[in-house]
Structures are given as structure tokens and as C-alpha cells.
Amino acid sequence: MRTRLRRAVVAAVALLTATSALPAAAAQGQGRQEHPSHGGLSATIRYTEYGIPHIVGKDYADLGFGTGWAQAADQVCTLADGFVTVRGERSRFFGPDAAPDFSLSSATKNLSSDLYFKGVRESGTVEKLLAEPAPVGPSRQVKDLMRGFAAGYNAWLRQNRITDPACRGAAWVRPVTELDVAARGFAFAVLGGQGRGVDGITAAQPPTTAAAGAPNAQDTARSARELLAADSADMGSNAVAFSGATTANGRGLLLGNPHYPWQGGRRFWQSQQTIPGELNVSGGSLLGSATISIGHNARVAWSHTVATGVPLNLHQLTLDPADPTTYLVDGKPERMTKRTVTVETKDGAPVTRTQWWTRYGPVVTSLGASVPLPWTTTTAYALNDPNAANLRASDTALGFSKARGTADVLKSLRRTQGLPWVNTIAADAAGHSLFTQSQVLPRITDELAQRCSTPLGKVTYPSAGLAVLDGSRGDCGLGDDADAVQPGIFGPAKMPTLTDAPYAENSNDSAWLANAERPLTGYERIFGTIGTQRSMRTRGAIEDVAALAGRGELTVKDLQRQQFANRVPAGDLIAADAAKACAALPGGTATGSDGKAVDVTEACGVLAAWDRTANTDSRGALLFDRLWRRIPAAQLWKVPFSAADPVGTPNTLNTDTTAFTTALADTVTELRTARIPLNSPLGDHQFVVRNGKRIPVPGGTESLGVWNKVEPAWDAAGGGYTEVSTGSSYIQAVGWDGSRCPVARTLLTYSQSSNPNSPHYSDQTRLFSQERWVTSRFCEKDILSSPGLKIVHVRER
């Protein structure tokens, strides 16, 4: 029956293809007189509003082919740039000293990026993972998707003319292989581990003279906390699942609001993937991925948030006094392994460097510029990243895509353990909700950390979750869990998980308060903290979703309202007190940090009148934002944090010190110097520019606690905030009404294409500015009734 259905649908699609117009991107290549190599892969792509492709293939290889083709049509330059990265060729084309876009690693220069990725390529790391049988390695279905993706990307290159000025005519835009596609997946997997230490891995060289001593433990711990916290500022997210107990019809609801960069290789791209009778899923994929990363099918919807689990640890090595490239384990010497890599450079001689590897992983001399780990004649540090053995994320995603409920989502996670650095939040049509922090983490138990931490680790592990273990002791190995897919990681039974709560929410804090009435406890420190102060965004989110769950009778429209409520929780806490304290200042003046008196009378009225939102027309939002950033956190609150009231504390503006009034004076001076009216609408100064036109952007920054998070850059000379760089990305609000078609609204904030010549360069960005949504076309009847329907059959020719 399933085979007959598949044939019937594919035949119907083929018939439609013959009678419909081609999209502009496909039509461009029709006049080219080329004879690409022949092949058997093909797919049908139906484009609906906003350039969203609905891709149909008869099998996984064909589906991958259509996905690779359609991604290339929208994002060929961004994809090509990423493939240059994972091949280790950035220095060859762009010069060794230029900076990558940080989408695939933390490397600060092309040279260090190339040395790392070229080393990965030459060591056969990804090939070895591809050769592993599933579930340790990728399944045949995923390999077929990757193979098809590479073929589809290559076919698009052969059959079309590039119009994007970012790479038009560029020599670095070249055909790719299945290995290139897999290597990009590997880069995503190690972003939080080896990818974070690329500069320190490639710079590590044995000391030739006495080097600096041990790093300061307190400073290192503080820097590690800041480094790990920076991940959620750049790639954060909110997501909430409501169970049927809270909804109008007893079915689940999911709102996903991931926060990712608006430019570069970590953009999402929206599509629907269908193999008739086998697979039907819609959502957002990270560029270069052949599977849906965040999305929904007919029965279940899921989203991800960046987790607090630390996906790496360090081993402190005791070195042989006679040879700093030999380390001791239980008194026995082991030589480090040399990995010598040569990188071609633009207009210069090739550069050769040696990397040093141990049984624990590569020697690393820093984690970012602020966490030094000096290699001395007695000590070195090796980085353990279990995700360097994880090429399973696509199988996890494929399992989600086929799931019929949240139980199947959990089964996919337990079977594949493929997610490196995210939580999963899901809801289904039967009314179930799910939160789980099922990520690949080194198996660092609190007992192991207590027993084996070095003096540095005794500080960094409790405060930042970064374990530094004594690498000279064999009894300090990570050990294995019987239910784990690979050695040295936690098994599924250890993952913090919450099922069927009225709501399950995460905003990048630990699993503890996924539901404030049903807190999760008992997990190891490496997963995150328990009983500690939550971020303002978490506090605001819990207030909002708990109120929604308490009210009940929820629908998808309630999710849409939550996304664009743009409430500023920090404003609700202190704006009234700030306005009152401002109005009480003698003579309406405050003294700035430069000692000068500033008339702040106007600011008092603006703060009092502000509506406590970050809508584009909100007057006072910009003033409050700049003020909030200037008040030192240590002097902000009168009432401190209490674990007994983690959502409500800390609170009450501290006006007993001069910190507030100094910040107020400096803020007023800053805005007036920039010629920005204190009551200026937020959208006049928070925007993006697309094809020369300013598009106002709603939302607010991380520390304000706004659900609809956006992060712009401050440019006083340019008129305030401008060019949002990261924040809300692929948003989806999903529910069910008992029919075969889910009730879904979506929005890709930065639009499908980064090509300024594409009609889909800014169309959804304008929707985002207007707080409007796209109605998902999931079922056949909805796809075929799209007024802008365009269908193309793509194939290797």
C-alpha cells in the first residue's frame, strides 16, 4: 500500500511539474550551453509564498539532491564559504590573517581555522566516523541524504548562473563531495569543544624556555564562566511546550524561538521534505544540513535551545622533565602524537605547523583569548571533546522527523545520542509535552571531579562546570555508561528530562526550572546548576508561560501573541522605581561619571510614560536599555536572589548608592551627544538595512529579558542601534485541531536568501518588522492552492 501511495504522489507531482512555471532561480540556467555529467538523482520542488520549497523525492538520495539544489539556489555563497572552511582553504583564497565569520569555529584568523580543519581532513577523522556502523556512525539513510545533497549542490552550480555579488565569479565556489557535507556536520558537532579551542590547539608548541606558571584559578574560572555564557548571547533560544491540560482542545502546543546569527553559516533555511509514504516534515535546517533541525510533522513539533552542559573537559598533563612532548600516566611515559599540517596561503609561501595530540585529545594552550592554559616544561593541558566522535546529529533529526509523538522523540535521542550542545522541547497532537537535556557530554560525575580535579579544576568545575582532571592518573578516566552510544559519555538515563508537565520551558538556563512547579534536580554539575540565580530572560519567560498555562484554553494564537508581546521584564521590575527616583533628584540633575551635573528631568518623564515593551514604536525603550546596561549588577538590587523564590528574586532597584544616578546621567549624556531624542521610538534606532532600505526590528537584548531577543550593535555616531546581528531566527508556533494538517505559523526573520538580488532577500524580514506570520502549507491541498505556486523538476543531466 505504501509503495502504491508513493508512486501515485510522485506521479502526480511529475504531472504538475510539466504544467507549471519554473522559479526564477531555476529559469536562469536554462540558456546555458553546458553538458553536465549524467546521473540518476532527481527531485521535485514546489515553491510557495516567500520562496519556501516543498521538496519531494522518491528516496533519501533524491530528497538530499533536491535539498542541496534548493539550498544552493538561495544560499550558494554562504554554503561555498563554509565548504572552503572545512577543507582548510580559507588562507589560500582569502589570506591567512583575515578573520572567518565564526560560524564553524572560534578561530580568529583563517590560518588557525585552516590548520585545524586541514588536520581533521588529513587525519581521516570524518571518514572514520562515516565508516562506523549505526548507531555509532550515520545510518545508510543519512549517508544517502548527504550524498544526494552534494550532488544537488553540484548540479545547481553546473546548471545555473550565480547572481549573488558575494561570490559571483569566485574561484572558491567549487563542486563538493559527501565528505565535505559530512565535515560541515562535524564542525557543528565540535563547536562547543575543539571548535572553541581552535586557536589554542593550532598555536600549541612545546616550550623552549621556562614559560609562565600555572594559570590563576579564580581568574580562569571567571573567564570560563564568561566564555560559556557568551554562547547563549550569540546562539541562545527560547522554547515552550504546553500539554493538553492547558490547551483549548487537549492537544499539545509548541512555540520555538531560537536565537542564532542573522548572517553567515549558522543561518537557518526553511523547507518541507517529503518521501511519499516514508517521510513528511517541515521546518528549519542549519545551512549545509540535509535534515530538518527544528520543525514539525503531522503529529509532533520540536525546537532546541542551547544547553548549559559543558561539552568538553581538560586533562592536566604531568610532563617528563626531560621531554615536554612526553607525559606520564601512572608513572609510565607516553609520547604525544605529532600532526603536521601545511596550509597554502594567498600571495605567500605555504605555512607548516605541528599540532600535538594525546590519548585525551589535542594539547591546547587557551580556550579563547581570556582562558590561558600555558604549556610549560612541567605541565600541559589536553582537551577532551566527545563530540569529535559524534556524527549522529542528522540521525537524531531524522528520528524526530519521523516521530509520531514525544515518546518517539525520546526514543530517537536515546538510540542515537546525536545532539552536541542543545536541549530539546517538544509537544504532540496527543497532548504530551517534553523537555530533555539530552546532549553529548563527557562523563564527568561530581564524584569523579571531587576525586580527580587538579587545583585549577577544584575552582573551575563548581563555578563554571569545566572539569580539569589529573591526566597523570589512570583511575581518573571518564568511564562508561552501559546505555551510552559511545565510551566516555553519559547514557540516556542520566539526562534531565521532564514529561507531560503543563508547560516545559527553557531560555538557556539549566534544566532546574523547566517547570517552576516541578523543578528538576539530581543531575551532575556538568549539566548545569541547581538553586542558582536565573537570567532575566528565564525569569520573564517563566512568568509568561506559567500565567498562560494557569489561564488555560490555549491556542496557536496565544503562542503568536507571546512571541511578539515584547515585554521587558527588567522594565517591569525597576522602571517605575527608576522614574520615581529620577523625579526626586534635587533640581532634576544627576552627576555623571565625569563629575559633571546633567539635567535629567526629561528622562524622568520618558521612563514614567514608557509602556515597558520593546515594540518598534515604544518610546522610552531605547533610553531604558542604555540605562540598564550602565547600572553595575553588584549595585542593582536591594533584595538579593533567593533559591526559595528564583523567579521573583532579585528585585527592587537599589537607590541607596549613587550607581543608579550616575548611570542615568551618563545615559542621558550619551543619547544627547548622539543627537538621539530621549523619547525616540525604538524602531528609529534598531533596524537592519536591506537593499538600501531601513527595516525597523522589534525585540530587545539578552539582559533585558525580552522573549523576542535581538542583539544589535551600538553605533552612537550612526544614530543608535543598527544592524541586528543575532536573535530570533526560525520561529514556529504549532498546534493541532484534529485534522490531518497541523495548525502552524512560521517566520524566518532574516528571510530565505542572503543574495540581495533574490526576491526572498528581505520579504520575511519585513513581516518580522510588522509582527506578521507565514501560514504553514504542510498538506498537499494547501501547497497546491498556494497563489504563487511554482514547481520545478530538478535532476542530474
Side-chain angles (χ1 to χ4, degrees), residues 536-537 539-540 543-544 565-594 596-639 648-686 696-710 712 714 716 719-721:
M536 188 61 67
R537 182 156 53 86
R539 293 172 63 185
E543 288 173 343
D544 290 349
N566 290 326
R567 181 174 79 89
V568 180
D572 284 341
L573 282 173
I574 76 160
D577 288 343
K580 182 178 179 181
C582 178
L585 288 170
T589 63
T591 302
S593 57
D594 59 1
K596 296 180 179 179
V598 179
D599 183 350
V600 298
T601 307
E602 182 186 1
C604 305
V606 173
L607 289 171
W610 175 43
D611 63 4
R612 314 293 194 265
T613 75
N615 293 319
T616 55
D617 62 355
S618 294
R619 295 179 181 272
L622 180 64
L623 171 66
F624 183 82
D625 185 6
R626 299 307 297 170
L627 171 64
W628 175 262
R629 293 168 187 262
R630 288 181 176 274
I631 306 174
Q635 301 178 62
L636 178 58
W637 304 111
K638 281 186 178 179
V639 178
T649 60
N651 61 51
T652 310
L653 177 65
N654 182 4
T655 55
D656 295 338
T657 73
T658 60
F660 164 69
T661 55
T662 301
L664 179 62
D666 288 347
T667 300
V668 170
T669 298
E670 175 185 56
L671 294 178
R672 285 178 175 161
T673 301
R675 301 181 183 277
I676 299 173
L678 300 188
N679 68 340
S680 185
L682 179 64
D684 287 358
H685 306 280
Q686 181 173 277
V697 174
T701 189
E702 174 76 20
S703 65
L704 292 174
V706 183
W707 176 283
N708 183 27
K709 180 191 134 163
V710 296
W714 178 252
Y721 285 126

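Keep in mind the model is a prediction, meaning the values are calculated, not measured. Every heavy atom of this structure was used, including side-chain atoms; hydrogens, water molecules and symmetry mates were not.
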What pairs of residues pass the salt bridge (Lys or Arg N to Asp or Glu O under 4.0 Å) test when at least one of them lies in residues 671-681, not counting sequence neighbours? E602-R672
Qualifying salt bridge (Lys or Arg N to Asp or Glu O under 4.0 Å) pairs, either residue in residues 605-617, two or more places apart: none
Residues F624, I574; criterion side chain to side chain contact (heavy atoms under 4.5 Å, CB included); working and verdict: CA-CA 10 Å; F624 183 82; I574 76 160; 3.6 Å; yes
Beyond-backbone contact of [X] with [Y], side-chain heavy atoms, under 4.5 angstrom:
X: V606; Y: W610; value: no
X: N708; Y: P698; value: yes
X: M536; Y: L573; value: yes

With [X] via side-chain hydrogen bond (donor to acceptor under 3.5 Å, both in side chains) - residues at least two apart:
X: D684; result: none
X: D666; result: S593
X: T658; result: none
X: E670; result: R626, R630, W714

Sequence neighbours excluded, which residues qualify as side-chain contact (heavy atoms from CB on, under 4.5 Å) partners of [X]?
X: A608; value: A579
X: S703; value: W628, T701
X: D656; value: K638, N654
X: A590; value: L585, V600, T661, A665

What distance separates L607 CG from L623 CG, expressed to the nearest 0.5 Å? 4.5 Å
Using every non-hydrogen atom in the two residues, find where [X] and [Y] come nearest and quote the distance to one decimal.
X: P569; Y: G540; value: CG-CA, 3.7 Å
X: R619; Y: P681; value: NH1-CD, 3.5 Å
X: A674; Y: A716; value: CB-O, 3.5 Å
X: A603; Y: C582; value: C-SG, 4.3 Å

Those residues that, when tested against D544, pass salt bridge (charged side-chain N to carboxylate O under 4.0 Å, His left out) (two or more places apart): R567
Assess the residue pair L653 and L636 against the criterion (side chain to side chain contact (heavy atoms under 4.5 Å, CB included)); give the C-alpha distance rounded to whole Å, side-chain angles, the decisive distance to 0.1 Å, and a yes or no. CA-CA 6 Å; L653 177 65; L636 178 58; 3.9 Å; yes
Please confirm whether the backbone N or O of L682 pairs with a side-chain atom of S618, one donor and one acceptor, at under 3.5 Å? no
Does any pair with a residue in residues 573-590 pass side-chain hydrogen bond (donor to acceptor under 3.5 Å, both in side chains), and if so which ones, sequence neighbours excluded? none
Among N615, D625, V706, side-chain contact (heavy atoms from CB on, under 4.5 Å) partner for V568: V706
